[in-house]
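Below: the structure, in structure tokens.
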Amino acid sequence: MAETTYEILYWPAWRAYADVARLILELGCADYTNDFIIFAESYKIKPFQRFGKTPRLTIKEEDGSVKYIWESRAINEYLAAKLGFLPHGDEYARADVMSYVHSLNELAEAMNFIGIIPNLDDRRSYWTKLHDATIPDALEYHERAVAGPFYGGTSLTLPDIVLYALVQRMRSMFSDADGWFFNASKTPKLAALVESCDKGTMGGVVRGWASARNPGWASFRFDAESMSWTIDISSVGQA
């Protein structure tokens, strides 16, 4: 019998909204493919996407039926539940796990907000508040939630995956991210969790994304001097 397969429609880029879904699919050993959007032709597919946005997950079931899910967070939750990274049959346990996911998503959105602040001085002021208060305060709560090697004790769950994707974005933005984003003296359990992920399957996947094995991928870059995001598409289409 054929197994369920998946397809991710998104830009050929990482450090972006499809990272968590791709990590879940990799960790779950799922059969999936990337359907990369061609930058110059993106306008052609927009009218056919719910809300005019991607990523889009295509699910091809064993019986031949096809389903679609839009919005990255909905995709992430579906895949995590389907592939065993969320509690099953216990609504309270699932909601409890998702509370940490939502908190991490809020931090990611706070980081993204930097890019739409028009004034450089205002961007720097906003970042100072994130750096000195918003992020450290939130991570102290997360530190108390880590029950073992991972949020769920010995089992890898969706918060661990979302956290690791956020760490990759932070590392791409600031070379000293590990020194303050996860201060081993203040948040030792989170630091140990990230180190474990670095050495495990997720770390290997991310290193693969960043290597020459994906020369056709674009790269989102953060310029710390101007406090702004750019995207380098110079290598796209050259794979």
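Owing to the predicted nature of the structure, the values given are computational and were not obtained by experimental measurement.
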Rounded to the nearest 0.5 Å, how far does [atom2] of [Y] lie from [atom1] of [X]?
X	Y	atom1	atom2	answer
Asn76	Leu158	CG	CG	6.5 Å
Tyr78	Leu83	OH	CG	8.5 Å
Lys199	Glu195	NZ	CD	4.0 Å
Asp122	Ile114	CG	CD1	12.5 Å
Leu193	Leu163	CG	CG	6.0 Å
Ile24	Arg22	CD1	CZ	12.5 Å

Without placing hydrogens or testing angles, list every side-chain donor-acceptor pair under 3.5 Å for residues 125-134, not counting sequence neighbours.
residue	atom	partner	partner atom	Å
Tyr126	OH	Ala110	O	2.9
Thr128	OG1	Arg124	O	2.9

What pairs with Glu26 under salt bridge (Lys or Arg N to Asp or Glu O under 4.0 Å), at least two apart in sequence or on another chain?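 If we apply the salt bridge (Lys or Arg N to Asp or Glu O under 4.0 Å) test to Glu26, skipping adjacent residues, there are no hits.
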Sub-4.5 Å side-chain heavy-atom contact between [X] and [Y]:
X	Y	answer
Tyr164	Val20	no
Leu27	Met202	yes
Ser103	His142	yes
Asp19	Gln168	no
Leu79	Tyr6	yes
Met98	Leu86	yes
Pro87	Val97	yes
Phe150	Thr157	no

Mind checking side chain to side chain contact (heavy atoms under 4.5 Å, CB included) for [X] and listing every partner two or more places apart, or none if nothing turns up?
X	value
Phe48	none
Glu143	Thr187, Pro188, Lys189, Leu190
Ala145	Tyr100, Tyr151

Test side chain to side chain contact (heavy atoms under 4.5 Å, CB included) on Asp35 and Ile8; report intermediate values, then the result. CA-CA 6 Å; Asp35 182 8; Ile8 295 283; over 6 Å; no
Taking [Y]'s backbone N and O only, do any of them form a donor-acceptor pair with [X]'s side chain (distance below 3.5 Å, no angle check)?
X	Y	result
Arg56	Tyr10	no
Asn34	Phe36	no
Ser172	Arg169	yes

Same cluster for Leu107 and Ile116 if Ile/Leu/Val/Met/Phe/Trp/Tyr side chains link at under 4.5 Å? yes
Between Val146 and Tyr141, is there shared hydrophobic-cluster membership here, with clusters defined by ILVMFWY side-chain heavy atoms closer than 4.5 Å? no
Determine, step by step, whether Lys82 and Glu77 satisfy the side chain to side chain contact (heavy atoms under 4.5 Å, CB included) criterion, reporting the C-alpha distance in whole Å, the side-chain angles of both residues, the deciding distance to 0.1 Å, and the verdict. CA-CA 9 Å; Lys82 190 76 173 179; Glu77 186 171 352; over 6 Å; no
Only pairs under 3.5 Å count here: list side-chain donor-acceptor contacts from residues 64-75, not counting sequence neighbours, and write none if there are none.
residue	atom	partner	partner atom	Å
Ser65	OG	Asp63	OD1	2.7
Lys67	NZ	Glu61	OE2	3.4
Trp70	NE1	Gln49	OE1	2.9
Arg73	NH2	Glu109	OE2	3.4

Judged by modelled atom types alone, do Ser226 and Ser228 share a side-chain donor-acceptor pair under 3.5 Å?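 The answer is yes; a qualifying pair exists.
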Just do the side chain to side chain contact (heavy atoms under 4.5 Å, CB included) check on Leu9 and Ile45 with the steps written out, would you? CA-CA 10 Å; Leu9 175 69; Ile45 68 167; 4.2 Å; yes
Begin from the C-alpha positions of Lys60 and Asp31 and carry the test salt bridge (Lys or Arg N to Asp or Glu O under 4.0 Å) through to its verdict. CA-CA 10 Å; Lys60 299 178 181 179; Asp31 184 355; over 6 Å; no
Heavy atoms only: give me the nearest Arg123-Ile117 pair and the separation to one decimal.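 It is NH1-O, 2.8 Å.
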Tightest non-hydrogen contact, residues Ser99 and Asp96, listed as OG-O, 2.6 Å
Assess whether side chain to side chain contact (heavy atoms under 4.5 Å, CB included) is satisfied between Thr5 and Thr58, documenting all intermediate values. CA-CA 8 Å; Thr5 61; Thr58 301; over 6 Å; no
